Protein chains: 2
Amino acid sequence: MLPKNELREHIFSILREHDHRLTPQREAVVEVLIENSDAHLSAENIFMQTKHNYPDIGLATVYRTLELLESLGLVHKFEYGDGQSRYEVNQSADDHYHHHLICVKCGGIGEFKDDLLDEIEHAIAKETGFRVTDHCLRFFGICSECQAEPGENSDDD
Amino acid sequence: MLPKNELREHIFSILREHDHRLTPQREAVVEVLIENSDAHLSAENIFMQTKHNYPDIGLATVYRTLELLESLGLVHKFEYGDGQSRYEVNQSADDHYHHHLICVKCGGIGEFKDDLLDEIEHAIAKETGFRVTDHCLRFFGICSECQAEPGENSDDD
DNA sequence: GTTTATGCAAAACATTTGCAGCCTT
DNA sequence: AAGGCTGCAAATGTTTTGCATAAAC
């Protein structure tokens, strides 16, 4: 889990390493991703936020940047099933990944860190021969806040 | 894990219970889902296959049927991240669910049954107060067949 | 100076919806 | 007979792409 300025430099150096140009648009998108590393933004969200620092950026550039960062393993892309993808920076250099706790009532997204999957991955390798390189685990349910409130909290976007 | 004919009757009776009509289109879609319960079909796939038995069916009807079956808990809908949803019948009456092993080389999808998630869900409840009602776990990696073949097998669609 | 990256607009794509007519109940 | 269900086509919403221009190297 790198601090923000190291994470930014890390991303820039990976881009350079792979002969990608460092444009102000890319810097601006990376900035938004880093400043919102705890949120789970859609491309549209990222687009809107990036416009604050770089008003002329186009949505297509945001998509292309996110695709590039994902291909370099710098960003994780995932979906809830609501039709739009969400993105988040990969905050650590290693593979360990937190899991998402998605509240079906308020739409909020929490996180949970855990290493029990290692056991499952070993069991998979042993029983099926499948070599696991990555995983995606999401839990759906009711967050503690929505459990506390009887019924009024149904949209906290 | 019900046998096919019982599963079919189970689905039909749930439909009746909820006052939904049993149309030949719905029967045809259910038939395709049951006959391909080990595959992970997209809506388009299901549409094409259903046309064999019921050539006049429309794609919208397939989507509406899948949505209905999903709302009744009879079908699971999930996504790999390639932009289209996949569907599979819920073969057992209970909540237990297998996880997907997605080969990033050949695109094949295996399955793995496991109950270790229960432990994680308990840990989540204890540490965060989040009440888990469902989960989705997918593993990405290389299947045993692709590991065996040095490099030629990259598209077995 | 080259080559890549950008912005715009149009295209592509999966999915949803409106509506008149049909079919299950 | 009445209502839900269907097929078609149009609409929607997200993501991708073509192309001329602009910017990074």
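Not measured: the values here are computed from a predicted model. Note on naming: letters A, B, ... go to the chains in the order of the sequence lines (proteins, then strands), and numbering restarts at 1 for each one.
- Rounded to an integer number of Å, the gap from NE2 of H18(A) to P of dT4(C) is 16 Å.
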Donor-acceptor contacts, no H, no angles, side chain residues 21-35 of chain B, under 3.5 Å, sequence neighbours left out:
unit_1 : atom_1 : unit_2 : atom_2 : d
T23(B) : OG1    : R26(B) : N      : 3.2
Q25(B) : NE2    : Y54(B) : OH     : 3.2
R26(B) : NH1    : R21(B) : O      : 2.8
E31(B) : OE1    : R8(B)  : NH1    : 2.8
E31(B) : OE2    : R8(B)  : NH1    : 2.6
E35(B) : OE1    : K4(B)  : NZ     : 3.3

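- The CD atom of E121(B) sits 10.0 Å away from atom CZ of F130(B), with the distance rounded to the nearest 0.5 Å.
- Evaluation of the side chain to side chain contact (heavy atoms under 4.5 Å, CB included) rule for S37(B) yields V89(B), Q91(B) as partners, not counting sequence neighbours.
- Side-chain atoms of H10(A) and L2(A), non-hydrogen and from C-beta on, do get closer than 4.5 Å to each other.
- S85(A) comes within 4.0 angstrom of sugar-phosphate atoms only, judged by non-hydrogen atoms across all strands, and of no base.
- Between R131(B) and I124(B), the closest side-chain pair of non-hydrogen atoms is not below 4.5 Å.
- Side-chain rings of H100(A) and F112(A) stay apart, their centers remaining 6.0 Å or farther from each other.
- Residues from residues 21-34 of chain B that place a heavy atom under 4.0 Å from any atom of DNA chain C, listed by number: R21(B), L22(B), P24(B).
- Contact annotation: Y63(B) side-chain N/O to dT15(C) OP1/OP2 distance is under 4.0 Å.
- With a 4.5 Å cut-off on side-chain heavy atoms, L72(B) and H20(B) count as touching.
- Between Q84(A) atom CD and dT15(C) atom P there is a gap of 15 Å when expressed in whole angstrom units.
- From the 5' end on, the contacts that DNA chain D makes with chain A at under 4.0 Å to a non-hydrogen atom open and close at dT14(D) to dC25(D).
- At a threshold of 4.0 angstrom between heavy atoms, the contacts of Y54(A) are confined to the sugar-phosphate backbone, with no base atom among them.
- With contacts defined as side-chain heavy-atom distances shorter than 4.5 Å, the pair V75(B)/E88(B) does not qualify.
- Here the side chains of L68(B) and H18(B) are not in contact, with every heavy-atom distance at 4.5 Å or above.
- For the pair L66(B) CG and dT15(C) C1', the computed distance is 11 Å after rounding to whole Å.
- Map A43(B) and H20(B) each onto its nearest nucleotide of DNA chain C; the residue landing nearer the 5' end is A43(B).
- Aromatic ring centres of H40(A) and Y87(A) lie farther apart than the 6.0 Å criterion allows.
- Rounded to the nearest 0.5 Å, atoms OG1 (T61(B)) and CZ (F47(B)) are 9.0 Å apart.
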What nitrogen or oxygen pairs link the protein and nucleotides 17-20 of chain C at under 3.5 Å?
unit_1  : atom_1 : unit_2 : atom_2 : d
dG18(C) : O6     : R64(B) : NH1    : 3.4

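- Taken to the nearest 0.5 Å, the CG atom of L7(B) stands 8.5 Å off from the CG atom of L74(B).
- Relative to the axis of its first five pairs, the axis of the last five pairs of the helix from dG1(C)-dC25(D) to dT25(C)-dA1(D) sits at 40°, rounded to 10 degrees.
- What separates CG of N45(B) from P of dT15(C) is a distance of 11 Å, to the nearest Å.
- Among the heavy atoms of the strands lying under 4.0 Å from D56(A) are primed sugar atoms or P, OP1, OP2 only; no base atom is included.
- Residues Q84(B) and S42(B) approach most closely at NE2-CB, 2.9 Å, considering heavy atoms.
- The shortest heavy-atom contact between S85(B) and K77(B) is OG-CE, 3.4 Å.
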